[in-house]
Participant: 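Starting off with a structure, shown below.
Here, residue 1 is the first one in the sequence, and each next residue gets the next number.
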Amino acid sequence: MSISPNARIHSSAVIEDGARIADGCVIGPFCVIGPHVVLKEDVELKSHVVITGNTEIGAGTQIFSFAVIGEVPQDLKFKGEKTLLVIGQRNRIREHVTMNPGTEHGGGVTRVGDDGLFMAGCHIAHDVILGDRVIMVNSAAVAGHCVISDDVIIGGLCGIHQWVRIGRGAIIGALSMVTNDVIPYGLVQGPRGALDGLNLVGLKRRGVGRADITALRAAFQMLAQGDGTFADRARRLGEESESAYVREIVEFVLGESDRSFLTPG
């Protein structure tokens with residue numbers, strides 16, 4: 001066990017031998033920390049937090065009451081193999097959130113980026129890769145093997161099907177079930193999620209210039225109404241557009257996919 005003398009730990013917390021607690025950590029009442037857990041500097045755990053497994057929590061992350069982080073995957077193929085959960089810096093993980101480590105057949109690691117907000121009741125399954133500044137609203141769930149890029153917002157009570165990729169800057173409206181890949185900056189809504197436009201509000205908030213937004217709008221129209229398959233239209237976009245944002249969509253569509261794509265209606 002390695003516990004910094006500068007850590008503040010409530011007398012009722014249980015910390016198993018082998019855990020590593022860095023400077024400035026605050027561990028509240030009735031928390032349970034497993035023997036293979038690493039808490040980096042200034043991690044704060046409110047009361048009744050459980051962290052177990054081979055789990056690393058990045059500096060400055062806050063975890064609220066009754067979250068369970070690093071418990072074994074909800075996967076019948078998991079046989080107790082040593083796998084990892086790695087969570088980045090400055091995340092806010094709210095009440096009753098669950099995050100599972102990876103599985104041997106899925107790459108062995110679940111990875112969460114920096115500066116995310118995971119509201120109450122969210123679930124992140126095994127072998128998921130999340131980027132930076134991801135927001136998951138209350139009771140959203142991401143199934144195994146998904147890849148969620150930077151700056152994605154997933155609305156409340158959403159379900160993301162296993163193996164789905166969601167491109168950077170996309171937004172998923174509340175109550176949607178997403179079963180196919182979502183292009184960067186896409187807007188998805190509806191009970192069976194449909195690609196219904198671009199996340200224009202998010203683009204403007206990030207200061208994306210008018211010329212790039214115009215190029216993205218034109219690209220979306222071409223993807224929706226052009227000739228040929230969805231991939232054919234994306235290839236033509238790559239040949240015709242000089243916008244870095246459009247090229248990002250093209251590269252995403254032409255990349256490897258296990259679930260195909262949500263396409264514009």
Participant: Give me the atom names and distance for the closest heavy-atom approach of I183 to A170.
Facilitator: O-CB, 3.9 Å

Participant: Residues in side chain to side chain contact (heavy atoms under 4.5 Å, CB included) with T98, at least two apart?
Facilitator: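 Listed in chain order: V68, H123.
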
Participant: For the pair S65 (side chain) and H48 (backbone), establish whether a donor and an acceptor sit closer than 3.5 Å, ignoring hydrogens and angles.
Facilitator: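 No, because the side chain of S65 does not come within donor-acceptor range (under 3.5 Å) of the backbone of H48.
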
Participant: Provide the closest heavy-atom pair for S12 versus H10 in the form atom of the first, atom of the second, distance.
Facilitator: OG-ND1, 2.8 Å

Participant: Would you kindly confirm whether V43 and I27 end up in one hydrophobic cluster when ILVMFWY residues are joined by side chain heavy atoms under 4.5 Å apart?
Facilitator: yes

Participant: Might you point out which heavy atoms bring A234 and V253 nearest each other, and give the distance in Å?
Facilitator: CB-CG1, 3.7 Å

Participant: Please determine whether side chain to side chain contact (heavy atoms under 4.5 Å, CB included) holds for the pair L85 and E56, giving the CA-CA distance in whole Å, both sets of side-chain angles, and the decisive distance to 0.1 Å.
Facilitator: CA-CA 6 Å; L85 170 61; E56 178 181 304; over 6 Å; no

Participant: For S47 and C31, indicate whether the former's side chain and the latter's backbone hold a donor-acceptor pair under 3.5 Å.
Facilitator: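 Checked: no pair found.
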
Participant: Quick check: does any side chain N or O of R247 sit under 3.5 Å from a backbone N or O of E242, one acting as donor and the other as acceptor?
Facilitator: yes

Participant: Around R206, counting heavy atoms of other residues, nucleotides and ligands shown, do more than 12 lie under 6.0 Å from its CZ?
Facilitator: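 Correct, the count exceeds 12.
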
Participant: What pair of heavy atoms forms the shortest contact from V137 to G156, and how long is it?
Facilitator: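 Closest heavy-atom pair between V137 and G156: CB-N, 3.4 Å.
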
Participant: Does the D75 side chain pair with the main chain of K77, one donor and one acceptor, at a distance under 3.5 Å?
Facilitator: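 Looks like yes, one N/O pair under 3.5 Å.
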
Participant: Under the 3.5 angstrom rule, does the side chain of T55 hit a backbone N or O of T52 as a donor-acceptor pair?
Facilitator: yes

Participant: Indicate yes or no for a side-chain donor-acceptor contact from R233 to the backbone of L223 under 3.5 Å, with no hydrogens or angles considered.
Facilitator: yes

Participant: Could you state whether L254 and V246 fall into the same hydrophobic cluster, counting links through intermediate Ile, Leu, Val, Met, Phe, Trp or Tyr residues with side-chain heavy atoms under 4.5 angstrom apart?
Facilitator: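 Yes; V246 is reachable from L254 via cluster members.
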
Participant: Supply the atom-to-atom distance D23 CG to S4 OG, rounded to the nearest 0.5 angstrom.
Facilitator: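 Nearest 0.5 Å value for the CG-OG distance: 3.5 Å.
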
Participant: Residues in side chain to side chain contact (heavy atoms under 4.5 Å, CB included) with M222, at least two apart?
Facilitator: R236, L237, E240

Participant: Apply salt bridge (charged side-chain N to carboxylate O under 4.0 Å, His left out) to the pair R133 and D115, showing each step before the final yes or no.
Facilitator: CA-CA 5 Å; R133 299 173 299 279; D115 300 300; 5.2 Å; no

Participant: Answer yes or no: is there a side-chain heavy-atom contact under 4.5 Å between P184 and I249?
Facilitator: yes

Participant: With a 4.5 Å limit on heavy-atom distance, are the side chains of V182 and R165 in contact?
Facilitator: no

Participant: Could you check whether any side-chain heavy atom of I148 comes within less than 4.5 Å of a side-chain heavy atom of I129, counting everything from C-beta outward?
Facilitator: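 A side-chain contact is absent here, since even the closest heavy-atom pair is not under 4.5 Å.
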
Participant: Decide side chain to side chain contact (heavy atoms under 4.5 Å, CB included) for V38 and I57; before the verdict, give the C-alpha distance in whole Å, the side-chain angles of both, and the deciding distance to 0.1 Å.
Facilitator: CA-CA 6 Å; V38 177; I57 311 291; over 6 Å; no

Participant: Indicate yes or no: at least one non-hydrogen side-chain atom of V112 is less than 4.5 angstrom from one of M99.
Facilitator: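 A side-chain contact under 4.5 Å exists here.
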
Participant: Check for a donor-acceptor pair, side chain of S176 on one end and backbone N or O of V178 on the other, with a separation under 3.5 Å.
Facilitator: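 No: the side chain of S176 does not pair with the backbone of V178.
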
Participant: What verdict does the side chain to side chain contact (heavy atoms under 4.5 Å, CB included) test give for I124 and M136, after you've listed the backbone C-alpha separation in whole Å, the side-chain angles of each residue and the deciding distance to 0.1 Å?
Facilitator: CA-CA 10 Å; I124 296 173; M136 290 179 61; 4.0 Å; yes

Participant: Starting at OG of S149, measure out to CD1 of I166 and round the result to the nearest 0.5 Å.
Facilitator: 8.5 Å

Participant: According to a hydrophobic-cluster definition based on side-chain heavy atoms being under 4.5 Å apart (Ile, Leu, Val, Met, Phe, Trp, Tyr only), do I33 and I9 belong together?
Facilitator: yes

Participant: Closest approach of I21 and A7, non-hydrogen atoms and distance?
Facilitator: CG2-CB, 4.0 Å

Participant: Checking N199 side chain against Y185 main chain: does a donor-acceptor pair fall under 3.5 Å?
Facilitator: no

Participant: Answer yes if V250 and F230 sit in the same cluster of Ile, Leu, Val, Met, Phe, Trp and Tyr residues linked by side chain heavy atoms under 4.5 Å apart, and no otherwise.
Facilitator: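 Shared cluster, yes.
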
Participant: Is any side-chain heavy atom of T83 closer than 4.5 Å to one of F78?
Facilitator: yes

Participant: Kindly give the heavy-atom pair with the smallest separation between G58 and K40, and that separation in Å.
Facilitator: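 Looks like C-CB, 3.9 Å.
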
Participant: Treating Ile, Leu, Val, Met, Phe, Trp and Tyr as nodes and any side-chain heavy-atom pair under 4.5 angstrom as an edge, say whether L187 and I135 lie in one connected cluster.
Facilitator: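 L187 and I135: one cluster.
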
Participant: Is a side-chain donor-acceptor pair under 3.5 Å present for S260 with N180?
Facilitator: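 The criterion, which ignores hydrogens and geometry beyond distance, is not satisfied for S260 and N180.
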
Participant: N54 vs K82, test: side chain to side chain contact (heavy atoms under 4.5 Å, CB included). Steps then yes/no.
Facilitator: CA-CA 7 Å; N54 296 286; K82 181 179 179 180; 3.5 Å; yes

Participant: Working to the nearest 0.5 Å, report the span between OG1 of T61 and CG of N91.
Facilitator: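 Separation between the atoms: 4.5 Å.
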
Participant: Report the distance from atom NE2 of H36 to atom CD1 of I51, rounding to the nearest 0.5 Å.
Facilitator: 14.5 Å

Participant: Could you give the distance from CG (D42) to CD (Q89), rounded to the nearest 0.5 Å?
Facilitator: 10.5 Å

Participant: Below 30° counts as parallel, above 60° as perpendicular, anything between as tilted: where do the rings of F252 and F261 land?
Facilitator: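 Ring orientation, 0 to 90° scale: perpendicular.
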
Participant: Any cation-pi pair here, R92 with F64, using under 6.0 Å and within 45°?
Facilitator: no

Participant: Is the backbone of D127 close enough, under 3.5 Å, to the side chain of T110 for a donor and an acceptor to pair up by distance?
Facilitator: yes

Participant: State, with a plain yes or no, whether a side-chain heavy atom of D181 is found less than 4.5 Å away from one of L262.
Facilitator: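 Answer no - side chains too far apart.
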
Participant: Might you confirm whether atom CZ of R259 has over 12 heavy atoms from other residues, nucleotides or ligands at distances under 6.0 Å?
Facilitator: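 Counting neighbours around CZ of R259, more than 12 heavy atoms of other residues, nucleotides or ligands fall under 6.0 Å, so yes.
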
Participant: Can you tell if the side chain of L195 reaches within under 4.5 Å of the side chain of F220, non-hydrogen atoms only?
Facilitator: yes

Participant: Rounded to the nearest 0.5 Å, what's the gap from CZ on F66 to NE2 on H96? Could you check?
Facilitator: 6.0 Å

Participant: Do Q62 and I93 come close enough that some side-chain heavy atom pair is under 4.5 Å?
Facilitator: no

Participant: Measure from the side-chain N and O atoms of D212 to the backbone N and O of S243, and report whether any donor-acceptor pair falls under 3.5 Å.
Facilitator: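 Looks like no, no N/O pair under 3.5 Å.
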
